[in-house]
Student: 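So that we are looking at the same thing, I have put the structure below in structure tokens.
As the structure lists them, so they are numbered: ligands from 1, and atoms in each ligand from 1.
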Amino acid sequence: MPNRTQDLVDLEDKFGTHNYHPLDVVIERAEGVWVYDVDGKRYLDCLAAYSAVNQGHCHPRILRTLLDQAGKITLTSRAFRNEQLPLFCKELHELTGFDKVLPMNSGAEAVETAVKAARKWGYKVKGIPRDKAEIIVCAGNFHGRTVTVISFSSEDQYKDGFGPFTPGFKIVPFGDIEALRNAFTPNTCAFLFEPIQGEAGIVIPPTGYLREAAEFCKQNNALLMADEIQSGLGRTGKLFAYMHEGITPDVLIVGKALAGGFYPVSAVLASAEVLGVFHPGDHGSTFGGNPLGCAVARTALRVLIEEKLVERSAELGGYFRARLQALDSPVVKEVRGRGMWIGIELTALARPYCEALKEEGILCKETHDHVIRIAPPLIITREEIDWALERIAKVLGK
Ligand SMILES: *Cc1c(COP(=O)(O)O)cnc(C)c1O
């Protein structure tokens, strides 16, 4: 490793907590789909910060908003109103069709907020007996890292050493409608799911599963809660992944690309009936709905729509996936995905291939040992995809 990279890796290893195992590339700056390390080497970013930078790194319009707003007012707390929050809520409503918005910061906080909303709705509206509410979730889920959220993870490592856990969750296999039906009881207040499981390795459920799940939730008066923190905002070639199935969730959780990678902004969207269960003092966040985050998110959403990034994701993602599927490789088991969200499942461990791709100038990250996730910013061009394909073919090909 070059000196500056090695020095910084050593420094981080010495003073930082080792709760990640990053590739040893130390990034200093970025522009669009390209990132540059401290030794000046250029890489194509095929992770896009887990889809938080769908709009591309350091998008000039979002940067302008960040700088302008930072010079005006950054934080009021919700003790007072600010001029950006109402516009953020209105624009998110106009874009998504959901009546109410509850802004938070990280994705995990938004999931926690959705869990609280579903439980309270269960007691106040559905009439579930006190402390009996149940939420059904899917095996292989990823919804964040707080204690309550890992309480319903099926991943041993996420839970090991962190108990005792929050009760009230039932895990069913993803994509199995019978298992979902059997898990329902009169105390079920919600079904929480990712329309496509990202961290599990871009796992797409069987066609019709989500439609049947939606129908079953409706029949049983339970909330359909979609976590689209990673799958949403254009990643899969639709504004939200649930749109591929022609369903509409009762609760939609968004984050990551909501602020284009400039700022942590998340939100829970739902009807007035659901979010109406919150009254002043029931829930809150010092930074949630702050004017800087709201201003940045407003521009990030506008960029997504005005630059037609959702359409680009569908078109160029389809091209990228088809070319990968045509790749002649002894290690590729399957290439799957939707839009610009592609999983390459290998017959071998993915990490060494990610290391090799890094040497070729492509940054991607293995997920669940055997899958390489390809998820570049949605502004990627066909030429850049071709550039990547050449190198991916060299690493994975015969
Ligand atoms: C990233 C992610 C989260 C957690 O978001 P954080 O901002 O890291 O807390 C939750 N759900 C899904 C589907 C995610 O991809």
Side-chain angles (χ1 to χ4, degrees), residues 17 19-20 22 47-54 102-118 135 137-155 157-159 162 166 169 171 174 190-205 210 224-236 238-242 244 249 251-269 285 287-290 293 296-297 300 337-343 364-368 371 373-375 377-378:
T17 302
N19 60 326
Y20 276 90
L47 182 65
Y50 299 92
S51 295
V53 285
N54 283 357
L102 203 173
M104 298 295 287
N105 310 284
S106 70
E109 277 180 307
V111 173
E112 289 266 354
T113 301
V115 165
K116 287 172 83 172
I135 295 175
V137 301
C138 295
N141 74 70
F142 183 83
H143 297 289
R145 299 293 202 155
T146 60
V147 169
T148 287
V149 172
I150 60 160
S151 294
F152 54 86
S153 173
S154 54
E155 195 66 31
Q157 195 199 348
Y158 294 176
K159 304 181 74 164
F162 300 130
T166 307
F169 299 94
I171 304 178
F174 185 51
F191 171 50
L192 171 65
F193 65 99
E194 299 153 86
I196 295 174
Q197 290 187 333
E199 293 310 303
I202 322 288
V203 180
I204 304 172
L210 292 179
L224 188 70
M225 299 210 294
D227 178 347
E228 294 242 21
I229 291 168
Q230 193 167 157
S231 59
L233 299 172
R235 177 51 59 188
T236 69
K238 299 256 189 206
L239 185 61
F240 294 106
Y242 70 73
H244 289 287
V251 179
L252 177 64
I253 310 165
V254 290
K256 291 198 169 113
L258 185 53
F262 279 85
Y263 204 84
V265 179
S266 64
V268 177
L269 312 182
S285 161
F287 281 84
N290 74 75
V296 166
R338 278 210 212 284
M340 199 62 82
W341 215 24
I342 306 167
C364 47
K365 182 76 168 65
E366 78 278 9
T367 176
H368 272 247
V371 181
R373 169 177 25 202
I374 304 281
L378 306 180

Student: Any idea which protein heavy atom is nearest atom 4 (C) of ligand 1, and the distance to it?
Tutor: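 For atom 4 (C) of ligand 1, the nearest protein heavy atom is A108 N, 3.7 Å.
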Student: Do Q230 and E194 come close enough that some side-chain heavy atom pair is under 4.5 Å?
Tutor: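 No, side chains not in contact.
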Student: Is any side-chain heavy atom of F169 less than 4.5 Å from a side-chain heavy atom of V115?
Tutor: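 F169 reaches V115 side chain to side chain.
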Student: Relative to ligand 1, is E194 under 4.0 angstrom through side chain, backbone, both or neither, heavy atoms considered?
Tutor: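 Only the side chain of E194 comes within reach of ligand 1.
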Student: Less than 4.5 Å apart, any side-chain heavy atom of V371 and any of E366?
Tutor: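 Side-chain contact under 4.5 Å: no.
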Student: Counting each atom of ligand 1 from 1 as listed, which ones have a heavy atom of S106 under 4.0 Å away?
Tutor: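 Result: 7 (O), 9 (O).
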Student: For atom 5 (O) of ligand 1, what's the nearest protein heavy atom and its distance?
Tutor: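 Its nearest protein heavy-atom neighbour is G107 CA, 3.3 Å.
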Student: Within the structure, does at least one protein heavy atom fall under 4.0 Å of atom 7 (O) of ligand 1?
Tutor: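 Neighbour list for atom 7 (O) of ligand 1 includes protein heavy atoms (cut-off 4.0 Å).
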Student: Contact between D227 and V111 at the side-chain level, heavy atoms closer than 4.5 Å - yes or no?
Tutor: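 Yes, side chains in contact.
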Student: Under 4.0 Å from a heavy atom of D227: give me the atoms of ligand 1 that qualify, with their elements.
Tutor: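 The atoms of ligand 1 under 4.0 Å from a heavy atom of D227 are 10 (C), 11 (N), 12 (C), 13 (C).
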Student: Just one of N141, V137, L210 clears the side chain to side chain contact (heavy atoms under 4.5 Å, CB included) bar with F193, so which one?
Tutor: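 That would be L210.
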Student: Please work out whether any backbone atom (N, CA, C, O) or any side-chain heavy atom from C-beta onward of E228 is under 4.0 Å from ligand 1, and answer side chain, backbone, both or neither.
Tutor: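 E228 to ligand 1: no contact under 4.0 Å from either part.
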Student: Measure the distances from the heavy atoms of Y50 to every atom of ligand 1 and state whether one is below 4.0 angstrom.
Tutor: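 In this structure, Y50 fails to qualify as a contact of ligand 1 - no heavy atom is under 4.0 Å.
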Student: If you measure from each heavy atom of K256 to ligand 1, is any distance below 4.0 Å?
Tutor: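 Judged by the 4.0 Å heavy-atom criterion, K256 does count as contacting ligand 1.
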Student: Could you tell me how the ring of F142 sits relative to the ring of Y158: parallel (under 30°), tilted (30 to 60°) or perpendicular (over 60°)?
Tutor: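 The arrangement is perpendicular - the two ring planes meet at more than 60°.
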Student: Should Q230 be counted as touching ligand 1, given the test is an N or O pair under 3.5 Å?
Tutor: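 N/O-N/O distance below 3.5 Å exists for this pair.
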Student: Taking the side chain from N105 and the backbone from S266, do they hold a donor-acceptor pair closer than 3.5 Å?
Tutor: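 Such a contact is absent between N105 side chain and S266 backbone.
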